[in-house]
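Encoded as structure tokens, the structure appears first; notes follow it.
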Amino acid sequence: MKTDNELLEQMLSHTNLKQAYVQVKRNKGACGIDGMDVYQLKGYLDEHLDEIKTSILNRTYRPQPVRRVEIPKADGGTRNLGVPTVIDRFIQQAIAQVLTPIYEPLFSDNSYGFRPNRCCEMAVIKALEYLNEGYQWVVDIDLEKFFDNINHDKLITLVMKDVKSGEIVSLIRKFLVSGIMIDDEYKESVVGAQQGGNLSPLLSNVVLNELDKEMEARGLHYTRYADDCAPRRRVQVA
């Protein structure tokens, strides 16, 4: 396990930051509250990257609030997205890139969402395999507004078990509590991990990995994609 300084150095390395920039630009996405788009990012980083790195090292970096966007869901409801500024997306991506190799060996084989080289189709195929083996009782679990209700203290406690870098843990908490701009009104973010950030998918898996462990301990054949879960039991024939 990397020490505090090693992990932070890796996160702020030229190679990691370059990869983060490329990924953020590839993802495109809407502007945050400052109006900067991904095509302006390189020019800004050319001028201010050293300042950003220094502020992270000094623990003085302050993420900006996310911009609230509501998108319609198939069931007629809406899903809240929080759009960070491109600078904050860049930093979140740099963090995610160094944390993913730490967490991948710890995550369950039954988890398919937001992970490298895994996709929804793989979860469907695994579910079909269970059906072919005779596991026909299906319990479909959907955690209502999961991202909106993640407890920050519990999440940070989980992160601190495996991430031995005070600066990176501090940054993660700052992103969690950076706040939300709804039109021109600021709202505190006391719970939740805003969907739309580059770190939120990984953090959601950190939380839900605890659910995976519990389901597996109960002997359930189980598939999960994000917060959609489907445990299965074999049909008992008299």
Side-chain angles (χ1 to χ4, degrees), residues 1-13 15-17 19-20 23 27 56 89 91-127 129-130 135 139 141-143 146-177 191-232:
M1 182 177 293
K2 288 184 170 61
T3 65
D4 190 322
N5 289 336
E6 289 174 333
L7 194 62
L8 185 63
E9 287 174 4
Q10 182 184 353
M11 181 230 157
L12 295 177
S13 70
T15 300
N16 189 58
L17 294 178
Q19 182 182 349
Q23 188 61 48
N27 290 346
I56 291 173
R89 298 207 296 268
I91 295 172
Q92 288 190 33
Q93 181 63 33
I95 296 172
Q97 287 169 183
V98 297
L99 296 193
T100 295
I102 294 174
Y103 280 109
E104 272 301 298
L106 305 178
F107 286 160
S108 168
D109 285 340
N110 296 316
S111 164
Y112 293 89
F114 311 135
R115 296 181 61 187
N117 304 314
R118 289 180 169 237
C119 62
C120 187
E121 288 78 5
M122 293 178 178
V124 172
I125 290 170
K126 175 55 69 173
E129 289 177 0
Y130 287 148
Y135 294 90
V139 179
I141 302 173
D142 190 314
L143 304 176
F146 166 72
F147 281 90
D148 294 339
N149 292 294
I150 291 176
N151 182 287
H152 292 169
D153 290 338
K154 290 181 179 179
L155 170 57
I156 292 298
T157 298
L158 289 172
V159 170
M160 290 175 65
K161 287 168 53 180
D162 303 299
V163 178
K164 305 305 179 183
S165 170
E167 284 82 2
I168 290 179
V169 173
S170 175
L171 262 179
I172 293 172
R173 182 176 280 281
K174 288 177 182 178
F175 281 118
L176 291 172
V177 301
V191 295
Q194 294 295 319
Q195 285 182 274
N198 297 54
L199 258 176
S200 296
L202 176 61
L203 296 179
S204 73
N205 274 332
V206 172
V207 174
L208 290 172
N209 193 49
E210 300 301 298
L211 174 64
D212 296 340
K213 291 177 182 177
E214 178 62 28
M215 292 291 191
E216 291 162 4
R218 297 187 182 198
L220 295 171
H221 288 68
Y222 173 72
T223 54
R224 178 174 67 79
Y225 188 89
D227 57 329
D228 294 309
C229 324
R232 286 164 171 78

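Quantities reported herein were computed from a predicted structural model and do not represent experimental measurements. We count residues from 1, following the sequence as given.
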Donor-acceptor contact below 3.5 Å, side chain Gln93 vs main chain Asn198: no
Quick check: do Asp162 and Val206 have side-chain heavy atoms less than 4.5 Å from each other? no
Rounded to the nearest 0.5 Å, what's the gap from CG on Asn151 to CG on Leu155? Could you check? 8.5 Å
Non-hydrogen side-chain atoms of Asn205 and Phe107 separated by less than 4.5 Å: yes
Nearest 0.5 Å, what's the CD1-CZ distance between Ile95 and Phe175? 5.0 Å
Kindly indicate whether the side chain of Phe114, heavy atoms from C-beta on, has any atom under 4.5 Å from the side chain of Thr100. no
Taken to the nearest 0.5 Å, the spacing of Gln19 CD from Ser13 OG works out to 9.0 Å
For Ser200 and Phe147 the tightest heavy-atom approach is O-CE2, 3.8 Å
Are any of the side-chain heavy atoms of Tyr112 and Ile125 separated by less than 4.5 Å? no
Looking only at heavy atoms, which two atoms of Phe146 and Ser204 are closest? And how far apart? CE2-CB, 3.6 Å
Indicate the atoms forming the closest heavy-atom contact of Gln10 with Asn16, along with that distance. O-CB, 3.3 Å
Flag the pair Met11 / Leu171 as yes when at least one side-chain heavy-atom distance between them is below 4.5 Å, and no otherwise. yes
If we only count heavy atoms from C-beta on, is the Leu99 to Ile172 side-chain gap below 4.5 Å? yes
Rounded distance [0.5 Å steps], OH in Tyr135 versus NE2 in His221: 3.5 Å
Reported CD-to-CG distance for the pair Gln194 and Leu199, which is rounded to 0.5 angstrom: 13.0 Å
A side-chain contact here means heavy atoms from C-beta on lying under 4.5 Å apart; do Leu12 and Glu167 qualify? no
May I ask you to decide whether Lys213 forms a salt bridge with Glu216, counting only side-chain N to carboxylate O separations under 4.0 Å? no
Minimum heavy-atom separation for Leu176 and Leu203, please, with both atom names. CD2-CD1, 4.2 Å
Give me the atom names and distance for the closest heavy-atom approach of Thr223 to Ala123. CG2-O, 4.1 Å
Met215 vs Ile141, side-chain contact (heavy atoms from CB on, under 4.5 Å): CA-CA, chis, key distance, verdict: CA-CA 12 Å; Met215 292 291 191; Ile141 302 173; 3.5 Å; yes
N/O donor-acceptor pair under 3.5 Å between Asn110 side chain and Arg224 backbone: no
Carboxylate-amine/guanidinium contact Asp109 Arg118, below 4.0 Å: yes
Is the shortest heavy-atom distance from the side chain of Leu8 to the side chain of Val98 under 4.5 Å? no
Donor-acceptor pair, distance only, cut-off 3.5 Å: does the side chain of Asn149 make one with the backbone of Val191? no
Heavy-atom closest contact (Tyr103 atom, Leu158 atom, distance): OH-O, 4.1 Å
At what distance, to the nearest 0.5 angstrom, does OG of Ser111 lie from CG of Leu106? 12.0 Å
